Amino acid sequence: MSFLKKAVFHTTVARLATLPTDAIAEVAFVGRSNAGKSSAINALVGKTRLAHTSKMPGRTQHLNYFLLETGKYLVDLPGYGYAKAPESIKKQWGGLLAPYLEWREPLAGLILIMDCRHPLTELDCRMLNWFAPTGRPIHILLSKADKLSRQAQMQTLKKTREALTILGEQCSIQLFSSMKKTGLEECEAVIGRWLDLPSKPDSQ
Ligand code: GDP
């Protein structure tokens, strides 16, 4: 069985002080609201509703932890761009997200989900510019790829990749569709590398 299929809900974190203390390595998922983050997590772990707690009223600003094995986690971060008022955005960013991304020791890498029909929105660029100096790897999922023709998918991939060459090997990028279940293995391999978990274990 793939290591991702073992994912179980672990905890919801509302304050930095209550982040799991036993974490060895974790991979965080981030993206604009509606980019397809929950669907991507669910597709990767092979469950339909694992990542839905982040949509529950009052929970939209929380971090949701999914346990893969002892000390190894996937973390569903709050979607950004949902809050319209500058004050709410500031609060959202400053409260939990920014300090988590900047200081969380076990954070092995960031999966950034962007709708392939409009990648690199202003908020995505802000996130990238801000996170890149941490030196940690970033893997981008161009989500909902099924909404584009094969040719348009390849064009988007090429263009977005070109726009990100400045980040060099720190940043990788792929097409992804939760609906068609495409790109799962490529993403799983990246997460497996980051978490030091085999992406293709012997016992399938
Ligand atoms: P989140 O806010 O980033 O967690 O986004 P969701 O996962 O809730 O997805 C937002 C919307 O996009 C929902 O209506 C999903 O059904 C749709 N969606 C997500 N992934 C895909 C995909 O791969 N293909 C298509 N066609 N729609 C998708």
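Computed from a predicted structure; not experimentally measured.
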Counterpart residues, salt bridge (charged side-chain N to carboxylate O under 4.0 Å, His left out), relative to K5 (two or more places apart): none

Which pair of non-hydrogen atoms, one from [X] and one from [Y], has the smallest distance, and what is that distance?
| X | Y | result |
| --- | --- | --- |
| P198 | F3 | O-CD2, 3.1 Å |
| T18 | A14 | OG1-N, 4.2 Å |
| W130 | A98 | CH2-O, 3.1 Å |
| A51 | S38 | O-CB, 3.2 Å |
| T156 | P119 | CG2-CG, 3.9 Å |

Inter-residue atom distance [X].[atom1] - [Y].[atom2], 0.5 Å rounding:
| X | Y | atom1 | atom2 | answer |
| --- | --- | --- | --- | --- |
| L16 | L96 | CG | CG | 5.0 Å |
| L97 | Y80 | CG | OH | 9.0 Å |
| T11 | L67 | OG1 | CG | 11.0 Å |

Quick one, [X] and [Y] - any side-chain contact, counting heavy atoms below 4.5 Å?
| X | Y | answer |
| --- | --- | --- |
| L184 | L44 | yes |
| F131 | L107 | yes |
| F29 | L77 | no |
| V8 | F66 | no |
| R161 | L157 | yes |
| V27 | V75 | no |
| D76 | L63 | no |
| C116 | Q153 | no |

Audit row: L120, T160, side-chain contact (heavy atoms from CB on, under 4.5 Å) steps and yes/no: CA-CA 8 Å; L120 295 174; T160 316; 3.8 Å; yes

Under a 4.5 Å side-chain heavy-atom rule over Ile, Leu, Val, Met, Phe, Trp and Tyr, are [X] and [Y] clustered together?
| X | Y | result |
| --- | --- | --- |
| F176 | M179 | no |
| L123 | M127 | yes |
| I24 | L19 | no |
| I173 | L148 | no |
| L110 | W103 | no |

Donor-acceptor pair, side chain of K47 and main chain of A7, under 3.5 angstrom: yes

Expected output: side-chain K6 to main-chain V45 donor-acceptor under 3.5 Å: no

Working for salt bridge (charged side-chain N to carboxylate O under 4.0 Å, His left out), residues D115 and R32: CA-CA 9 Å; D115 189 320; R32 258 189 87 94; over 6 Å; no

Side chain to side chain contact (heavy atoms under 4.5 Å, CB included) partners of Q151, counting only residues at least two apart: S149, Q155

Non-neighbouring partners of E69 that pass side chain to side chain contact (heavy atoms under 4.5 Å, CB included), sequence neighbours left out: K72, L197

In a table with atom names and distances, give each donor-acceptor pair under 3.5 Å that connects a side chain of residues 138-146 to protein atoms at least two apart or in another chain.
unit_1 : atom_1 : unit_2 : atom_2 : d
H139   : ND1    : S172   : OG     : 2.6
H139   : NE2    : Q174   : OE1    : 2.8
S143   : OG     : A35    : O      : 2.6
S143   : OG     : M114   : O      : 3.2
K144   : NZ     : N34    : O      : 2.8
D146   : OD1    : S177   : OG     : 2.7

Qualifying residues under ring pair (Phe, Tyr, Trp, His ring centres under 6.0 Å), relative to Y100, sequence neighbours excluded: none

Stepwise side-chain contact (heavy atoms from CB on, under 4.5 Å) test for V30 and I111: CA-CA 6 Å; V30 75; I111 306 270; over 6 Å; no

Flag for S39-N42: side-chain donor and acceptor within less than 3.5 Å: no

Donor + acceptor pair across side chains of T134, E102 (<3.5 Å): no

Aromatic plane relationship, Y73 with Y65 - under 30° parallel, 30 to 60° tilted, over 60° perpendicular: perpendicular

Over 12 non-hydrogen atoms of neighbours within 6.0 angstrom of CG in D196: no

Side chains of residues 164-171: which donor-acceptor pairs under 3.5 Å do they make with residues two or more places apart or in other chains?
unit_1 : atom_1 : unit_2 : atom_2 : d
T165   : OG1    : E162   : O      : 2.9
Q170   : NE2    : A132   : O      : 2.9
Q170   : NE2    : R136   : O      : 2.8

